[in-house]
Amino acid sequence: MSQIKTNRPPDPDKQTGDVLTVSDVNELTTVVNTNAVDFEDRYTTLQPNLAPLGSRLDVIEGTSVPILSYTDVLPESVDDGTIAFDPINNNMMYHKDGNWYRITNDISVSVNNFAVKVDTGATTTFKLPLVSGKNYSFEINWGDGNIENVTSDTQLEHDYGVTGIYTITMNGYIPGFIFNLAGDFTKLIEIVECGGLTFEGSATGAFGGCTNLTTIDDTTTFKTTGVSLFNQFYRDCNSLTQIPLMDTTSGDNYNLMFRSCNSLTTIPDFDFGSPSVIKEMFFSMINLTTLDNITIDTSNVTDFTQVFFSCQNLQSLPVMDLSNATKMSGMYRNCRAITSLPTPLDTSKVTNMDQTFRDMHGLSEMPVIDTSLNSNFLRTWRTCYTITSFPQLDTSLGDNFQETWFGCSSLTSFPALDLSNGENFIKTWNGCSVLESFDNLGSLGNGTDFTECWTNCHNLASFPLVDVSSGTNFSRAWQNCRSFTSFPQLVFNQSGSIAFDNTWQYCWALEDFPEIDFSNGTTFIDAWVDCNLNMSGTENILKSLVDSNLTNLATSLAGRTSIGQSSWTTNADPARDAQTNYEILTTTIGTPIHGTTGRGWTLTVNP
């Protein structure tokens, strides 16, 4: 940035970023025939001159009074109140009543350049990402000695003739520079100076996809006042290590704004205003450590999907107004360093909480929140493996509980939740390895799929008599539940087909097993492998399979310490005798045996 000064420093000193007040302007001007009162009246209506500009300057960043620059003698006919730089005499000038007057005080003037560094890579060209429909008027120095004026929105391309890294400097009016994951976005490697770039209304995708962009000058800032659309502004800028502060107070849409900016550890003190869209705003900023310095009013936001997804090193979460939130899918997912959630957490309108708190490995306690309208609990607390207890929540509308508490390996107890509306219980408590009981489980009578539902609940000492009568798939449902010694007499689906593959496999301590109606079973592969079945349990299983009248299937009661066939004792009741039922099951289908016919099973037992 070039600096131009007149002859006397102001008192007090002014810095870039300060805003000129009326008294500041009065102090800095000695306009002839203009007293302080007259100037104060005119100050409120100062307007920029709309004549063609060679460049545009600002007295102080942030002032509402533009300073115009001309390449020749100042024009005679301009609006009163116009302030301009006189290039002939190097003076700041003020126009009043048809005359120009010199401002004698020392005002620091910034000439606003926009400069970028590009690497042409394997090609020799670079194309400017100008925005269609915008009125451009700027001079461009391509960095190889070629200079030209740009006055249209044509996607101007320059051929350098040889590959290399070039610094491109633009000076004038540049109302947009947007890649949006297209064009030569991978060739941009640095923004040397950003103060000369203006965005009007939309900045969607400005530097989206600029994966090789490493640095943006943070001593100046983009002109974004009034811009409402910042979605995908820095998307996938994964090499970027610093960004400048800019005016985002009018922002309404921040969807994907910083997605995958995974080299940024902090961002400036943005005031994001009152947006309505912030979906995936900070998605996968894996090295971001803090957002405590930002300001954002989210009272108008309904969709908080993946806002902080995979912010793995974020140490604390900013408090956000969730009062109108209806969707929080993956909002805090994989925020591994967070130990507690911000309060208050108003979730009273949320209907979708799938994966909301998933993989929050550091979260030690789950507060009571309002889940009364939520129907989707898909993976909501999956692998929150430091939570030791769970609060009493309203889950009465929940229909999807797939992997809801999967991998919550420190959870020792579970409250009495209403899960009666649930249909999907795939892997719901899989991996809750220290959970000891489900004494208050309630009805699961609407559930259809229980695949791996309680798999790897190693410490589960008992299992309650619970309604699972609509279930059609129990494959591996209790696999590797190593601690319970008996199993309740559950009532399974009487009208549909049911899968029982590996259902009780690796239940090392399971001795007693009841008679159960398996008449709708379709597969039993390795259902009881590696258990500790005693004589009674073995008899009940074999009798249940015979009574089911199923044919040509396979299962196994072998492995671990289950009683071997050579140790089976004869039961006085032939219908319960293990050897008798074994022979019925394994005899060829239709062959008469023991007053009935063979079932053609392949049945493996310990010798």
Side-chain angles (χ1 to χ4, degrees), residues 15-17 61-62 116-117 188-195 197 199 203 205-224 227 230-249 251 253-275 278-298 301 304 306-321 330-342 359-363:
Q15 303 293 326
T16 298
E61 285 293 332
V116 300
K117 189 176 289 186
L188 183 66
I189 60 174
E190 184 179 348
I191 298 177
V192 181
E193 187 177 344
C194 57
L197 176 58
F199 291 98
F207 305 106
C210 294
T211 55
N212 294 313
L213 177 61
T214 59
T215 307
I216 300 178
D217 167 43
D218 60 1
T219 63
T220 58
T221 187
F222 305 115
K223 291 179 175 63
T224 54
V227 173
F230 289 94
N231 44 307
Q232 304 193 78
F233 192 90
Y234 290 118
R235 177 176 178 175
D236 298 335
C237 292
N238 52 30
S239 300
L240 196 57
T241 57
Q242 66 180 41
I243 57 175
L245 182 65
M246 59 185 176
D247 184 354
T248 54
T249 54
N253 188 336
Y254 296 105
N255 182 30
L256 301 159
M257 182 176 183
F258 301 102
R259 179 186 170 113
S260 298
C261 291
N262 49 34
S263 294
L264 287 176
T265 58
T266 60
I267 63 173
D269 300 349
F270 285 109
D271 181 349
F272 291 111
S274 303
I278 63 170
K279 183 179 177 181
E280 298 184 37
M281 185 173 180
F282 305 103
F283 183 102
S284 197
M285 297 184 73
I286 61 176
N287 287 306
L288 186 68
T289 59
T290 181
L291 284 171
D292 294 344
N293 53 334
I294 68 169
T295 302
I296 186 167
D297 174 8
T298 57
V301 178
F304 288 83
Q306 296 185 330
V307 173
F308 303 104
F309 174 86
S310 210
C311 290
Q312 298 177 15
N313 287 293
L314 192 61
Q315 300 300 304
S316 62
L317 293 163
V319 176
M320 287 189 166
D321 185 341
M331 180 175 180
Y332 304 116
R333 178 179 171 183
N334 209 26
C335 290
R336 300 180 181 182
I338 299 298
T339 58
S340 61
L341 295 169
D359 300 328
M360 295 189 72
H361 297 166
L363 188 63

(Q) Among Ile296, Leu317, Thr266, Ile267, which residue satisfies the side chain to side chain contact (heavy atoms under 4.5 Å, CB included) criterion with Leu291? (A) Ile267
Of all heavy-atom pairs between [X] and [Y], which one has the smallest distance, and what is that distance?
X	Y	result
Pro342	Val319	CB-CG2, 4.0 Å
Gln315	Ala337	NE2-CB, 3.7 Å
Thr290	Asp292	OG1-N, 3.1 Å
Asn255	Lys279	OD1-O, 2.7 Å
Pro244	Asp217	CB-O, 3.7 Å
Leu256	Glu280	CD2-OE1, 2.9 Å

Distance, nearest 0.5 Å, that separates [atom1] of [X] from [atom2] of [Y]:
X	Y	atom1	atom2	result
Cys261	Arg235	SG	CZ	10.5 Å
Ser260	Leu240	OG	CG	12.5 Å
Arg336	Asn313	CZ	CG	9.5 Å
Leu213	Ile191	CG	CD1	5.0 Å
Gln306	Cys311	CD	SG	11.0 Å
Phe270	Met246	CZ	CE	5.0 Å

Is there a donor-acceptor pair under 3.5 Å between the side chain of [X] and the backbone N or O of [Y]?
X	Y	value
Ser239	Thr211	yes
Asn287	Asn262	yes
Thr339	Gly362	no
Gln232	Phe230	no
Thr289	Thr265	yes
Thr221	Leu245	yes

(Q) side-chain hydrogen bond (donor to acceptor under 3.5 Å, both in side chains) for Asn293 and Asp269? Distances and angles first, verdict last. (A) CA-CA 5 Å; Asn293 53 334; Asp269 300 349; 2.8 Å; yes
Q) Given Tyr332 and Leu341, is the side-chain contact (heavy atoms from CB on, under 4.5 Å) satisfied, shown in steps? A) CA-CA 9 Å; Tyr332 304 116; Leu341 295 169; 4.3 Å; yes
Q.
Quick check: do Phe282 and Leu314 have side-chain heavy atoms less than 4.5 Å from each other?
A. no
Q | Thr295-Asp271 side chain donor-acceptor pair, cut-off 3.5 Å | A | no
Q) Any chance the side chains of Thr249 and Asp247 put a donor and an acceptor closer than 3.5 Å? A) yes
Q | Ring centers of Phe199, Phe233 separated by less than 6.0 Å | A | yes
Q. Are Phe222 and Phe207 close enough that their ring centres sit under 6.0 Å apart?
A. yes
Q: Compute both the distance and the angle, then confirm whether Arg259 meets the cation-pi test with Phe283: under 6.0 Å from the six-membered ring centre, within 45 degrees of the axis.
A: yes
Q: Start with the C-alpha gap between Thr298 and Phe304, add the side-chain angles, then the distance that decides, and say whether side-chain contact (heavy atoms from CB on, under 4.5 Å) holds.
A: CA-CA 9 Å; Thr298 57; Phe304 288 83; 3.9 Å; yes
**Q.** Candidate pair His361 and Asp359, rule side-chain contact (heavy atoms from CB on, under 4.5 Å), full reasoning
**A.** CA-CA 5 Å; His361 297 166; Asp359 300 328; 3.8 Å; yes
Q) Parallel, tilted or perpendicular: which fits the ring planes of Phe258 and Phe272, with parallel below 30° and perpendicular above 60°? A) perpendicular
